[in-house]
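Sequence lines set the chain letters: A, B, ... in the order given, protein chains first and strands last, and positions in each chain run from 1.
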Number of protein chains: 4
Amino acid sequence: MRTREGNKEEAILRAAIEVFAKHGYHDAKMSEIAEVAGIATGSAYLYFRNKESILHRIFENLWGNLHRQLADVAARDDLDPVEQLEAMIDLLLDVFAGNPQLSSVIVNEMNRLESSGKGSFLPLYEKSFDLAEQVVKEGITQGLFNPNLDIKVFRYFFLGGLRHLVHQWAKDSQSLGLNQIRQGVKSLIKRGIIVPETRMGLGDRSDKK
Amino acid sequence: MRTREGNKEEAILRAAIEVFAKHGYHDAKMSEIAEVAGIATGSAYLYFRNKESILHRIFENLWGNLHRQLADVAARDDLDPVEQLEAMIDLLLDVFAGNPQLSSVIVNEMNRLESSGKGSFLPLYEKSFDLAEQVVKEGITQGLFNPNLDIKVFRYFFLGGLRHLVHQWAKDSQSLGLNQIRQGVKSLIKRGIIVPETRMGLGDRSDKK
Amino acid sequence: MRTREGNKEEAILRAAIEVFAKHGYHDAKMSEIAEVAGIATGSAYLYFRNKESILHRIFENLWGNLHRQLADVAARDDLDPVEQLEAMIDLLLDVFAGNPQLSSVIVNEMNRLESSGKGSFLPLYEKSFDLAEQVVKEGITQGLFNPNLDIKVFRYFFLGGLRHLVHQWAKDSQSLGLNQIRQGVKSLIKRGIIVPETRMGLGDRSDKK
Amino acid sequence: MRTREGNKEEAILRAAIEVFAKHGYHDAKMSEIAEVAGIATGSAYLYFRNKESILHRIFENLWGNLHRQLADVAARDDLDPVEQLEAMIDLLLDVFAGNPQLSSVIVNEMNRLESSGKGSFLPLYEKSFDLAEQVVKEGITQGLFNPNLDIKVFRYFFLGGLRHLVHQWAKDSQSLGLNQIRQGVKSLIKRGIIVPETRMGLGDRSDKK
DNA sequence: AATGAATGAGACTTCATTCAT
DNA sequence: AATGAATGAAGTCTCATTCAT
């Protein structure tokens, strides 16, 4: 028999990420994915039921890893909530840092997959952000985070902001570096953008509106 | 006044927003758009060159309006940068508030269009955020905003965060209200999430990294 | 608009019968059916959901007609059961006589459709033969038909026999004429094949087995 | 003795009959046949040139056996034509009785194979029915069978009728027993369905038409 | 001989766009 | 301008057959 030389499944996933990133999921052709993977078109179907399941697998792999690592961070006793949140930011950025094309695919197709409700990765995705939410809640309890923080708004704002930054970086990693993002985001989250002296007053005014 | 034609074009755009929001651009059928618009399939092509140009027109209309209004805010002498930024946030949220389906379309298709580089609205889009950037820069100059702020990171983080919040709101406006978003975002931007007392120390530590 | 010139649906059905007869349902290509019908391949799908539904429509049309006519015969008071049965045989043969290709399709695909259980024509098909069964039963009651007749066996034997004859005729109408079939079947049904004098004895012997 | 090879070939044929019966020839997959046969997909091609040749072999085996046995019956001096015909009917039914799935395959695919003209079994198939025809002719000569019998019509009617009965039995052997078929067919052939007293008159009338 | 992964031709079907009326 | 039937290009997926091991 012809044995599997190399890991075809892995090769298909790599190729799919490349092609999805280049054309977007809908305009990506199975024949091109197969070509990039170095196999015949039909062979892709030995490893994946159909085109959609390739996309799903990409997300499953990503969120499977990410959730595991985020859970590790959330479980660490040696870090306070602030440090845990920073570690989570680093984690997310590190994952994307290694693969700009993957970042593009994730960012571009996430919304549609989320809305479709399909994809076995969705529970892990939700749980990942639940973990972050827990950290924030714990931070509030410990008096480290702003007690008036709207956790829901923060969650979505934070996720969307990070995602868009990664997207920009994936498009042009020259003009926007990952470490720049890393520092900037941490600073934004912690301080906001207003200088300390001014902030209290402004905050009050804003709250009164 | 070309009332009839104007109305049809408007009807097609409205219908397209509805159908794009429901199925996504790729899975939206011209025949369904025409049906919703109350015209024959072929008639849509009297008003738009093709399917893609309908999408482009939607974006052009949105960013045309938005840019004009943002420019107005940027031009106001009676507001300081902090107030201008708040006004811009309100503006963005107000636009989306009136049309959740439009919000869905914008959020879901923006990335792809941006990456494709096509679309005459892109310059307006860029300029819109340049305006916001100017306000922030001015705020820094006036000593109102954090001088260490990474404007680029802030720009993308802020846009992405807002977008994702709107997206969530468009999906389920019950569990996440627009005013909640409005307050939450302003608070986040201004304060970050760390309580004042704690922040300085943490901020220092973080900055030293 | 481009109006329907001629009856495209009818043309497709005619073409499908021709192509199904030539290659069999499975090896018939939609592109060839469309070509024979004088339309573009995609146009066939304006009239039929898919390939299978074309086949179903052919059967529906046939059995719809046939059932209606058989019901008319069954309702006639001026004919005794023997004459009704003969009229039914004539009916079946007349339908096929006009269209050998239709006969081929019916004969070749009937079994598979029947087994699949799909096809809205199946109830009519069953009812058609119920009608014939009623005639036979009435014949027995009136003492015209052999009271020992196994109606179920007769029903399937008769149908299968007629079908196969039609099939042979469809393949080669030269060497086996429809009128020949007509007479032969009627004679077979009425007399069997054994000469009268001999029959009683043989029949007895057979019955005793 | 090539036991291993012989067994595999046999296993493939058995498996093919099972799978052909379940899905029909066209929808039967070589991989499923191989799986049922307990071999690898590719191994099937060591024993059969392709899928079609498996079907052909099934028919060759059947008609080879059948023809040999029918020839034996035809050669028996101790039976008169009536008895020979009955024996032939028993023979056909006995073959099918042992294997409903084989019956299904034969009944469903026979027409197509016959029409295609391919298959080395076709001569044997023809000869088998020539044998039956000879018996009938001999019966006529001896004055046992109806001299006006249209042999050709009888041949196809008889074959088709028997085939359809077997098909029904293969689908549902509960509601239609083989012995019921056996008796019913013999009775039909010999007597027809009209009662003796009535028949002469009706027959005359019919013949005059 | 046996394997079963790999191949790739080919068909169905969809739908943006065209065009005769 | 309006229609909507007609077009036909193109992509996904299947599966009989091959072939390297």
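The local environment of CZ in A:R14 is sparse, with at most 12 non-hydrogen atoms from other residues, nucleotides or ligands closer than 6.0 Å.
The side-chain contact (heavy atoms from CB on, under 4.5 Å) with C:S120 is formed by just one residue from the set C:R57, C:E60, C:H56; it is C:E60.
Between D:Y25 and C:A44, the residue anchored closer to the 5' end of DNA chain F is C:A44, taking for each the nucleotide with the nearest heavy atom.
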A:L13 and A:F48: side-chain contact (heavy atoms from CB on, under 4.5 Å), yes or no, with the steps?
CA-CA 10 Å; A:L13 285 174; A:F48 296 92; 3.8 Å; yes
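Taking the ring centre of C:Y25 as origin, the terminal cationic atom of C:K51 falls inside the region bounded by 6.0 Å and 45° from the ring axis.
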Whenever both distances are under 3.5 Å in a Watson-Crick or G-U wobble pair, mark it; put DNA chain F into dot-bracket that way, with [ ] for crossing pairs and | when the partner is on another strand.
.||||||||||||||||||||
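For the pair D:I33 CD1 and E:dG4 P, the computed distance is 17 Å after rounding to whole Å. Rounding to whole angstrom units, CZ of residue D:F48 and P of F:dT18 are separated by 16 Å. Regarding A:E32, its CD atom lies at a distance of 15 Å from the C1' atom of F:dT12, rounded to whole Å. Rounding to whole angstrom units, CG of residue C:N7 and C1' of F:dA6 are separated by 15 Å. Note: CD1 (C:I39) to P (F:dG4) measures 20 Å, nearest angstrom. Note: CD (B:E9) to P (F:dA1) measures 12 Å, nearest angstrom. Taking atom CD on C:E35 and atom P on F:dT7, their separation rounds to 13 Å, with Å as the unit. As a whole-Å value, the separation of A:L46 CG from E:dG8 P is 13 Å.
Nearest heavy atoms, B:I39 versus B:A44: CD1-N, 3.8 Å. Nearest heavy-atom pair across C:T41 and C:Y45 is O-CD1, 3.8 Å.
Between E:dA6 and A:K8, a contact under 4.0 Å exists linking OP1 or OP2 to a side-chain N or O. Within the 4.0 Å cut-off from OP1 or OP2 of F:dA5, not a single side-chain nitrogen or oxygen of C:Y47 is found.
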In 5'-to-3' order, the base (B), backbone-only (S) or no-contact (-) status of each nucleotide in nucleotides 10-15 of chain E, using a 4.0 angstrom heavy-atom cut-off, is -SSBBS
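Ring geometry for B:F59 versus B:F121: interplanar angle of 30 to 60°, hence tilted.
We find the CD1-CD1 distance between C:I12 and C:I17 to be 12.0 Å, quoted to the nearest 0.5 Å.
For B:K29, there are no salt bridge (Lys or Arg N to Asp or Glu O under 4.0 Å) partners, not counting sequence neighbours.
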